[in-house]
There are 2 protein chains.
Amino acid sequence: MKRLTLKDVAKMAGVAPSTVSFVLNGKGKQMRIRDEVATRIMQVAEKCGYEPHRMAVNLRTGQSKTLGLIVESISGSFFASLAKTIETEAERRGYNVVYCSTENNAQKGGELIRMLGRQMVDGYLITPAPGMEKEIQHLVQQHKPIVLMDSYFPSIKTPYVLINNFDGVQQGMKHLIGKGLTKIGFVMVDVKLIQIEERLRGYTTALKEHKIPVKKKHILQLQYHRQREDSLNELQAFIEANPELDAIFFSTNYLGILGLEVIARMGLKMPDDIAVLCFDDHDIFRLYPPGISVIEQPIEGIAKTAIDLLMHQLDKNSGPMKKTAVELPGKFILRGSA
Amino acid sequence: MKRLTLKDVAKMAGVAPSTVSFVLNGKGKQMRIRDEVATRIMQVAEKCGYEPHRMAVNLRTGQSKTLGLIVESISGSFFASLAKTIETEAERRGYNVVYCSTENNAQKGGELIRMLGRQMVDGYLITPAPGMEKEIQHLVQQHKPIVLMDSYFPSIKTPYVLINNFDGVQQGMKHLIGKGLTKIGFVMVDVKLIQIEERLRGYTTALKEHKIPVKKKHILQLQYHRQREDSLNELQAFIEANPELDAIFFSTNYLGILGLEVIARMGLKMPDDIAVLCFDDHDIFRLYPPGISVIEQPIEGIAKTAIDLLMHQLDKNSGPMKKTAVELPGKFILRGSA
DNA sequence: AATTTTAACAAAATCGATTTAGCACAGGTA
DNA sequence: TACCTGTGCTAAATCGATTTTGTTAAAATT
């Protein structure tokens, strides 16, 4: 019950292994193998279900036909949607994907990238976390095909694709302001990532555009590494300290979920006591009464674009890229909370 | 900037490639390489950061050091928790994992298994879906290392590990009955899987043990492949048709989430209008007011056990297994809904 | 008729490791 | 002195493909 090798097929077809290889790789014409022989080989290979040994092919060609996908958390909802699209798109193109999560561990990011390197992935799809800057820089220097998603480092020249964070927040803010709400709080994390900054910029700009003063005390920066309970308390203190707030914009879904818990704990009712809007959708937001309005990320679009950008790099004989930085629009979804 | 090969290391250390291989694979003593030479080789390898070429090793040894993990849905919460543990446990043992999801597509299961076969995974971790029976049978016949999780086929002799479904439901039912609730509905799907049957058996047995009559109309079997909206309506009809119900036991978290939606839609209050209990925890259940009581699966335990069972099979020189069928206890988590 | 081309494939090198078989020398034995 | 036995390593085979180079017979050219 051993594996069928190319040699076996050659023997069965009465030709040399090289001939079989040529035919099965579509180089039959080029190597002027007679059609008669070619079809015979194809038939034999087909009939006995020959499948080339991946490792052998990889070793010889130097291509693993594998992509590495690195995300912050494999249990996050962002990953869930992303992975599905990326996997199917990759498969369509003859690639498969190995997933890795940094689990919000800065140091682990570097290790992961190196681990993938050992495994010889042909290209990288990464949602960058703060600690990974050096490693990514390193990959770029080695001219490894790479695409960043969801964020990027302004200092490193890489293709990337993400939601238009600024515009997304603007959409949400305009809705709130349009409803006459002006005391709008903004909750964010303190990590130095471009997408966070852009969201904050969206918030302040929207206020300014409507001549609403931006108050520092209406902006809460939670620390990233923090006990869940501590964050909850800090959030509650923030809301209590600003009783005038009639709306809160949570800049990530993680923060939004914390917010729901605090708001429930304080016995506040959405949207009347306080309106809530959140960046990045989540299963919970659909269900949690009265439904949390969100800015939805175009995850499928991000995944597809990312794969396209990566494949373009992997495809040696394709010219330079026209567009290496892509921003896709988010979608405002109105539910009951705002 | 080419890759450093074993040959290069050999040259630098002034020895033959084979010697380097022996030393780096810990066979130095056995091959009676002098300690002096061995340490020199190790130092050289260390200094220039030599990493063996995975594909070459795989080709030669015939082991890919890769496990295939097949789940129903990669975006499910079960997968999320499972994957994390399995990945770290696998890594600890020098294996990596490729994930695949059948996405509830019966036919896709078979394809996936074959795809993984092509990729030469050394072993399989599978949460079996109805359509995969034949393919799994096939793997078993080929003596491929395999462990099933979450469910199994009584007709196929494979190692498996899952929660004790019967006992889990019993725990929940006892709690409900202990609170004096006797009109308890049971919502399940109609797929023929052992874990579903066990849960139903837990329900009926618990009722019988407390001399409560089992009424057929209190059991709702929803069809698996169905539009979300249709299921919601059917569920609502079920609740309306049985106004006497004072509690509902949802046999999967997917059903429970549907239940929450319907209950909200009908304006019922938990737990007073109706108590709710659900099998298999979910993020939403922690947050959704008043908190949904659940039977939590010991996912980490399942993952660890599964890896153990699989490794045992992969380890050629380990005797026959003592225990190939493992049932782990679930944990009843009391929240506000019941 | 001698030489060059071309068709059609076969042989062999190669990828980077592992592993088996083998070789040279030292010391011990008969 | 001839023969074995260990030591300590090297040479070469191998895994299963791809790709470069060779080979042979027939056809075309001079």
Side-chain angles (χ1 to χ4, degrees), chain A residues 1-42 44-45 48-66 94 117-120 122 316, chain B residues 1-42 44-45 48-66 94 117-120 122 316:
Chain A
M1 200 64 170
K2 273 153 259 166
R3 196 172 223 286
L4 207 63
T5 76
L6 176 137
K7 230 173 177 174
D8 299 327
V9 177
K11 209 161 286 173
M12 296 171 74
V15 295
S18 45
T19 312
V20 177
S21 176
F22 292 139
V23 170
L24 294 186
N25 290 324
K27 288 173 185 153
K29 278 274 164 305
Q30 188 184 324
M31 287 291 135
R32 34 193 184 206
I33 309 296
R34 269 179 302 165
D35 283 359
E36 180 198 329
V37 176
T39 51
R40 177 155 42 95
I41 291 175
M42 308 253 277
V44 172
C48 51
Y50 167 72
E51 285 283 351
H53 191 297
R54 258 190 164 259
M55 303 306 169
V57 176
N58 294 349
L59 176 58
R60 182 63 235 241
T61 62
Q63 295 205 336
S64 65
K65 288 289 176 183
T66 298
R118 260 182 257 148
Q119 280 184 48
M120 313 209 41
D122 293 341
K316 291 293 197 285
Chain B
M1 198 64 170
K2 271 153 261 166
R3 195 174 225 285
L4 206 65
T5 75
L6 176 137
K7 230 174 175 171
D8 300 325
V9 176
K11 210 161 286 173
M12 296 171 74
V15 295
S18 42
T19 311
V20 177
S21 175
F22 292 139
V23 169
L24 295 184
N25 291 324
K27 289 175 184 150
K29 277 274 163 306
Q30 189 184 325
M31 286 292 135
R32 26 186 195 210
I33 308 295
R34 270 179 301 163
D35 282 359
E36 181 197 328
V37 177
T39 51
R40 176 155 43 96
I41 291 176
M42 307 252 278
V44 171
C48 53
Y50 166 72
E51 285 284 349
H53 192 297
R54 257 190 166 260
M55 303 307 169
V57 176
N58 294 350
L59 177 57
R60 183 61 234 240
T61 63
Q63 294 206 333
S64 63
K65 289 287 173 183
T66 297
R118 260 182 259 147
Q119 282 184 46
M120 312 208 41
D122 293 342
K316 291 293 198 284

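Chain identifiers are assigned alphabetically (A, B, ...) following the order of the sequence lines, protein sequences preceding nucleic acid strands; residue numbering begins at 1 within each chain.
The distance from the CG atom of A/Asp8 to the CZ atom of A/Arg3 is 11.0 Å, given to the nearest 0.5 Å. Separating the NZ atom in A/Lys11 from the OG1 atom in A/Thr5 is a distance of 8.0 Å, to the nearest 0.5 Å. Note that the OG atom of B/Ser21 and the CD1 atom of B/Ile41 stand 10.0 Å from one another [nearest 0.5 Å]. Distance check, rounded to the nearest 0.5 Å: CD1 of B/Ile33 to OG1 of B/Thr39 gives 12.0 Å. Here the CE atom belonging to B/Met31 is positioned 13.0 Å from the NZ atom belonging to B/Lys29, to the nearest 0.5 angstrom. Between A/Leu24 atom CG and A/Met42 atom CE the span is 7.5 Å, to the nearest 0.5 Å.
Each of A/Ala56 and A/Arg40 has a nearest nucleotide on DNA chain C; the 5'-most of these lies closest to A/Arg40. Take the nearest nucleotide of DNA chain D for A/Met31 and for A/Leu4: the residue whose nucleotide is more 5' is A/Leu4.
With rounding to whole Å, A/Met55 atom CE is found 15 Å from D/dT18 atom P. Regarding A/His53, its NE2 atom lies at a distance of 11 Å from the P atom of D/dC15, rounded to whole Å. Distance, A/Arg54 CZ to C/dC15 C1': 17 Å, rounded to whole Å. Rounded to whole angstrom, the span from the CG atom of A/Leu6 across to the P atom of C/dC15 amounts to 19 Å. Taking atom CG on B/Leu24 and atom P on C/dG16, their separation rounds to 16 Å, with Å as the unit. Distance B/Ile33 CD1 to D/dT10 P: 7 Å, rounded to the nearest Å. As rounded to whole Å, 11 Å separates atom C1' of D/dG16 from atom CG of A/Asn58. Taking atom CD on A/Gln30 and atom P on D/dT18, their separation rounds to 14 Å, with Å as the unit.
Among the protein residues, B/Thr19 comes within range of the nucleic acid bases, having at least one heavy atom under 4.0 Å from a base atom. Across all strands shown, A/Asn25 has heavy atoms under 4.0 Å from sugar-phosphate atoms exclusively, and none from any base. In this structure, B/Arg34 reaches the sugar-phosphate backbone alone: every heavy-atom distance under 4.0 Å involves primed, P, OP1 or OP2 atoms, never a base. B/Thr5 comes within contact range of the sugar-phosphate backbone alone, with a heavy-atom separation under 4.0 Å but no base atom that close.
Over its full length, the helix from C/dA1-D/dT30 to C/dA30-D/dT1 turns its helical axis through 80°, comparing axes from the five pairs at each end and rounding to 10°.
Ranking C/dC9, D/dT10, C/dT19 by closeness to the A/Val37 side chain, first place goes to C/dC9. Distance from the side chain of A/Val57 is smallest for D/dT18 among the nucleotides D/dG16, D/dT18, D/dC9. If you check D/dG16, C/dT20, D/dT18 against the side chain of B/Phe22, the one that comes closest is C/dT20. When each of D/dG16, D/dT18, C/dT18 is scored by its nearest atom to the side-chain atoms of A/Leu59, the top-ranked nucleotide is D/dG16.
Between B/Lys7 and C/dA17 there is no side-chain polar atom (N or O) within less than 4.0 angstrom of OP1 or OP2.
Judged by distance alone, with hydrogens and angles left aside, A/Ser18 brings a side-chain donor or acceptor within reach of the base of C/dA11, the pair sitting under 3.5 Å. Residue B/Arg32 places no side-chain atom within donor-acceptor reach of the base of D/dT7, judged by atom type and a 3.5 Å distance cut-off alone.
When all heavy atoms are compared, the tightest approach of A/Gly94 to A/Arg54 is O-NH2, 4.0 Å.
Looking only at distances, a side-chain donor or acceptor of B/Thr61 sits under 3.5 Å from a matching main-chain atom of B/Val57.
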